[in-house]
Amino acid sequence: MPIPVAQVQQLLTWLAVTAALLYWIRSWRRSRTPGLLAMVKALAALDVALILGTDWGVHDWLFGIPTLPNYIVHVLTLSSAYWLQVFVLYLAHPVETIPAKVRTRTRILIGAQLALCVLYLLGPLPGNLPAITAEAGNHTFVVAYLAVFELYLGLAMFDVVYVGRHAKDLPRGYLRTGLRLLRWGGICGLAFVAHKALYSLAVRFNLNPPWAELGNIGASRVLTTAGILLLMAGVTVPAVVPRRQLRRHYRALEPLWRDLTTFAPELRYDAPPARRVFGRPDVTDLVRTRLTEINDVLVGPLQPYLDPAAYTAALQPAEAGASSANRAHAQAVTIATALVTAEHGAPVHAEHPVAFTLDEATDDYREEAAWLATVATAYSTSTTVAEILKETSSHAADPVH
């Protein structure tokens with residue numbers, strides 16, 4: 001028996017939303033910020049709305065009222081749109097300005113939900129309608145009900161599109177891509193609202209459009225499916241891509257971390273990282289632990305052997321000595337020289353030790369991980385580093401090169 005196209009669309013949409021929800025719940029558990037919580041609430045409401053909005057073949061399955069599932073879906077959809085607005089506010093505005101903006105949107109949501117409830121009690125409920133759709137546009141209260149729903153949804157989508165305009169101002173990367181996807185998702189949402197409003201007006205004046213609003217290839221279904229998938233991609237790309245980068249940085253740090261912790265094994269953490277979903281260590285914990293162990297060795301037992309002269313000498317051959325790649329190579333050479341010196345020579349005790357940090361101070365561990373991964377890559381690939389480490393005695397640590 002063939003599976004209806006509509007059910008395939010609903011299943012794919014629900015899977016996308018559920019996957020995004022599980023991911024954002026995991027993110028929120030790591031960092032419980034208001035923005036992340038808003039996204040979790042938006043996805044949770046949308047996820048339940050998609051389940052209730054599925055055509056199960058029985059229209060009066062909820063307390064024998066055919067339109068009750070429609071009403072609950074609309075309530076959840078408005079709530080999801082509201083929390084999406086809140087999330088977008090945290091993307092686009094300074095944190096200190098957000099509470100006032102949230103209060104304004106909260107009042108609008110409360111007004112819309114109250115209006116939706118009253119109009120439902122006056123129109124769709126006593127009208128014994130099979131569903132709350134534009135096809136029932138000949139009922140005054142149904143038209144008003146749909147107008148409230150569409151106006152609020154349009155406002156939320158406008159917020160998303162408005163924030164998406166900042167994408168062009170961002171450098172190429174995952175955040176720019178995410179905002180552009182969000183904007184296109186919002187545009188699909190605005191198109192859905194405009195179509196639904198115009199369709200309802202056409203039916204109201206007995207101008208039946210030649211295309212279906214719902215159905216397998218109905219305009220509403222196509223627009224909502226495209227909009228939801230684009231929005232899910234937009235909110236997921238900026239979160240997933242940085243974690244993939246963290247995994248690459250974690251692997252890149254391996255040779256440098258291993259040699260440093262072999263030199264000072266007492267600074268290696270014995271306790272395993274906290275475990276998260278499905279029993280797997282979280283990459284954020286793994287990277288932070290590795291960064292801490294590397295820095296502890298560099299500022300601890302190895303620091304007396306870090307020679308600024310070795311760093312300066314490593315920069316000399318390059319014409320552009322101040323470039324990031326050259327500085328990373330020079331720092332890798334300095335570390336290798338210090339490891340050899342620590343085994344066979346006297347401490348340097350430099351007055352101004354080499355700083356293994358970015359040019360500009362940062363509290364972002366992702367930026368620190370990216371920089372040290374660059375240093376670690378130079379450490380594991382540089383022929384100069386390899387030659388320095390070959391000078392160690394036979395019992396020296398044997399790094400992978």
Side-chain angles (χ1 to χ4, degrees), residues 1-29 36-87 109 112-113 116-117 120 124-125 129-136 145-146 148-150 152-153 156-157 160 185 188-189 192-193 196 212-236 277-278:
M1 181 178 178
I3 301 176
V5 175
Q7 291 187 6
V8 174
Q9 292 175 333
Q10 290 172 337
L11 177 61
L12 291 176
T13 305
W14 178 78
L15 288 175
V17 174
T18 301
L21 173 60
L22 293 175
Y23 183 86
W24 281 92
I25 288 175
R26 186 178 179 183
S27 298
W28 176 73
R29 290 179 63 186
L36 292 180
L37 180 59
M39 178 49 61
V40 169
K41 291 180 178 181
L43 292 173
L46 182 58
D47 200 58
V48 177
L50 289 172
I51 295 173
L52 293 178
T54 301
D55 185 3
W56 302 102
V58 180
H59 298 290
D60 57 352
W61 61 272
L62 190 59
F63 303 116
I65 305 174
T67 57
L68 186 55
N70 286 151
Y71 171 67
I72 297 176
V73 167
H74 291 157
V75 169
L76 290 171
T77 301
L78 293 191
S79 299
S80 178
Y82 164 78
W83 288 112
L84 180 61
Q85 286 178 280
V86 175
F87 172 76
L109 174 68
Q113 295 284 28
L116 211 64
C117 179
Y120 175 74
L125 182 60
L129 301 173
I132 309 174
T133 64
E135 278 81 357
Y145 176 98
L146 291 174
V148 171
F149 175 76
E150 292 153 12
Y152 186 88
L153 196 58
M157 293 302 99
V160 173
C188 287
F192 164 78
V193 171
K196 202 168 185 65
E213 181 200 10
L214 302 175
N216 290 342
I217 56 173
S220 290
R221 189 178 299 281
V222 171
L223 289 171
T224 53
T225 301
I228 290 174
L229 292 178
L230 286 168
L231 288 172
M232 293 307 99
V235 301
T236 303
V277 182
F278 307 122

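One-based numbering along the sequence shown.
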Side-chain donor-acceptor pairs under 3.5 Å in residues 227-236, sequence neighbours left out?
unit_1: Thr236; atom_1: OG1; unit_2: Met232; atom_2: O; d: 2.6

Over all atoms of both residues, closest heavy-atom pair of [X] and [Y]:
{"X": "Asp47", "Y": "Thr18", "result": "OD1-OG1, 2.7 Å"}
{"X": "Ala44", "Y": "Leu21", "result": "N-CD1, 3.7 Å"}
{"X": "Trp83", "Y": "Ala38", "result": "CB-O, 3.3 Å"}
{"X": "Leu50", "Y": "Trp14", "result": "CD1-CA, 3.9 Å"}

Next on the checklist: Run the side chain to side chain contact (heavy atoms under 4.5 Å, CB included) test against Leu153 and tell me which residues pass, sequence neighbours left out.
Outcome noted: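 So Leu153 forms a side chain to side chain contact (heavy atoms under 4.5 Å, CB included) with Thr77, Ala81, Phe149, Phe192, Val193.
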Using 0.5 Å steps for rounding, measure from the [atom1] atom of [X] to the [atom2] atom of [Y].
{"X": "Phe87", "Y": "Leu37", "atom1": "CZ", "atom2": "CG", "answer": "12.0 Å"}
{"X": "Leu68", "Y": "Leu52", "atom1": "CG", "atom2": "CG", "answer": "9.0 Å"}
{"X": "Asn70", "Y": "Tyr145", "atom1": "CG", "atom2": "OH", "answer": "7.0 Å"}

pair [X]-[Y]: side-chain heavy atoms closer than 4.5 Å:
{"X": "Leu76", "Y": "Leu46", "result": "no"}
{"X": "Met39", "Y": "Tyr23", "result": "no"}
{"X": "Tyr120", "Y": "His74", "result": "no"}
{"X": "Tyr82", "Y": "Val86", "result": "yes"}

